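None of the values given here were measured: they were computed from a predicted structure. Order of the sequence lines fixes the chain letters, A, B, ..., with proteins taken first and strands second; residue numbering starts at 1 for each chain.
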Protein chains: 2
Amino acid sequence: MEDLTEMLKGTLEGCVLELISREETYGYAITRRLNELGFTDVIDGTVYTILLRLERNRLVQVAKRPSEVGPPRKFYTLNDAGRRELATFWTKWQYVSSRIDKLREDGA
Amino acid sequence: MEDLTEMLKGTLEGCVLELISREETYGYAITRRLNELGFTDVIDGTVYTILLRLERNRLVQVAKRPSEVGPPRKFYTLNDAGRRELATFWTKWQYVSSRIDKLREDGA
DNA sequence: TACCGGTACCCGGTGATACCGAATACCGGC
DNA sequence: GCCGGTATTCGGTATCACCGGGTACCGGTA
């Protein structure tokens, strides 16, 4: 699928939040997971900027732990603010996507 | 619904294309229509920038005609390139929205 | 020992996009 | 003559995903 970057704006961060909410995880693994899920062109640099933003906005808890196969990993967990943010993200997504689908179908 | 601007990035232009494809129309009317359709906070300034972009990218045909209730209107119609753009927009939307919905449901 | 690929993270800068605020202008009615 | 509704334009702003490069840890191999 050709360039989707503009369409991912505002939604990619929510996807990352969702993945973190499932289980404690780290940037490299999140990128891999997103690629598997069809977001094939999302690269690690993008995910790291999102993670740093989440950290700056105090939506996540961070724990650095060593890895046995490479440099240390930064593991992320949602805090209460993060869970609220995730909930409002899905509310917004539901709202926007339903309106767009509606506009597409009966359109006018 | 609170601030949706980030989530509309990359999709609002497609919505405008869709509305134009339905019938020849102009900026002010498009804004009104979008507001009715649930995009309540989208303002005329935003729509006009999109329209000028469509014009610059040669996706629309433009015809300026007088109005009986105000200043002249710029009516827009899709050309072939515009129709192709609209088609690829919906393809992308289908792709992205289905992946996000999937990620939400069975998530991992 | 030196190198290389895979793992893992960070940072400065870019381009695209929706939004904001102000300005211009046409029109009818009070 | 002013005000609200109609109609468009423009310069500037904020945010976001992306790009390119850099740093660093680790195991295997030549």
Any side-chain N or O of [X] less than 4.0 Å from the OP1 or OP2 oxygen of [N]?
| X | N | value |
| --- | --- | --- |
| B:Arg53 | C:dA18 | yes |
| A:Thr5 | D:dC18 | no |
| B:Arg32 | D:dA7 | no |
| B:Ser67 | D:dA7 | yes |

I'd like to know if [X] pairs up with [Y] as an ion pair, taking the criterion as any Lys NZ or Arg NE/NH1/NH2 lying under 4.0 Å from an Asp or Glu carboxylate oxygen.
| X | Y | value |
| --- | --- | --- |
| B:Glu24 | B:Arg65 | yes |
| B:Glu36 | B:Arg32 | no |
| B:Asp101 | B:Arg104 | no |
| A:Lys92 | B:Glu6 | no |

Check: What are the residues of residues 69-88 of chain B, sorted by number, that bring a heavy atom to within less than 4.0 Å of DNA chain C?
Finding: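 Listed by number, they are B:Gly70, B:Pro71.
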Notebook entry, point to check: Given that B:Glu68 and A:Tyr48 both sit by DNA chain C, which one's nearest nucleotide is further toward the 5' end?
Noted result: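 That would be A:Tyr48.
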Length of the line joining [X]:[atom1] and [N]:[atom2], which is rounded to integer Å:
| X | N | atom1 | atom2 | answer |
| --- | --- | --- | --- | --- |
| A:Leu8 | C:dA18 | CG | C1' | 16 Å |
| A:Ile50 | D:dC19 | CD1 | P | 13 Å |
| A:Leu51 | C:dA8 | CG | C1' | 12 Å |
| B:Ile43 | C:dA22 | CD1 | C1' | 12 Å |
| A:Met7 | D:dA17 | CE | C1' | 14 Å |
| A:Arg56 | D:dA14 | CZ | C1' | 12 Å |
| A:Lys64 | C:dC10 | NZ | P | 6 Å |
| B:Tyr26 | D:dG5 | OH | C1' | 12 Å |

From [options], pick the nucleotide closest to the side chain of [X]?
| X | options | value |
| --- | --- | --- |
| A:Asp44 | C:dC9, C:dC11, C:dA16 | C:dC9 |
| B:Leu52 | C:dC9, D:dC18, D:dC10 | D:dC10 |
| A:Glu6 | D:dA17, C:dT17, C:dC19 | C:dT17 |

Output yes when a side-chain donor or acceptor of [X] lies under 3.5 Å from a complementary backbone atom of [Y], and no otherwise.
| X | Y | answer |
| --- | --- | --- |
| B:Tyr76 | B:Glu55 | no |
| B:Tyr28 | B:Arg73 | no |
| B:Asn79 | B:Ala81 | yes |

Check: For the residue pair B:Phe75 and B:Tyr26, does the interplanar ring angle fall in the parallel (under 30°), tilted (30 to 60°) or perpendicular (over 60°) class?
Finding: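 Ring orientation of B:Phe75 relative to B:Tyr26: perpendicular.
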Notebook entry, point to check: Checking all strands, does A:Thr46 fall into the base, sugar-phosphate, or nothing category for heavy-atom contacts under 4.0 angstrom?
Noted result: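 If one applies the 4.0 Å heavy-atom cut-off, A:Thr46 turns out to touch a base.
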Margin query: Students often get this wrong, so: under 4.0 angstrom with heavy atoms, is B:Arg65 touching a base, only sugar-phosphate, or nothing?
Written below: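 B:Arg65: no heavy atom of the nucleic acid under 4.0 Å.
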Check: Counting only distance, no hydrogens or angles, is the base of D:dT15 paired donor-acceptor with the side chain of B:Lys9 under 3.5 Å?
Finding: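 Result: at least one qualifying N/O pair found.
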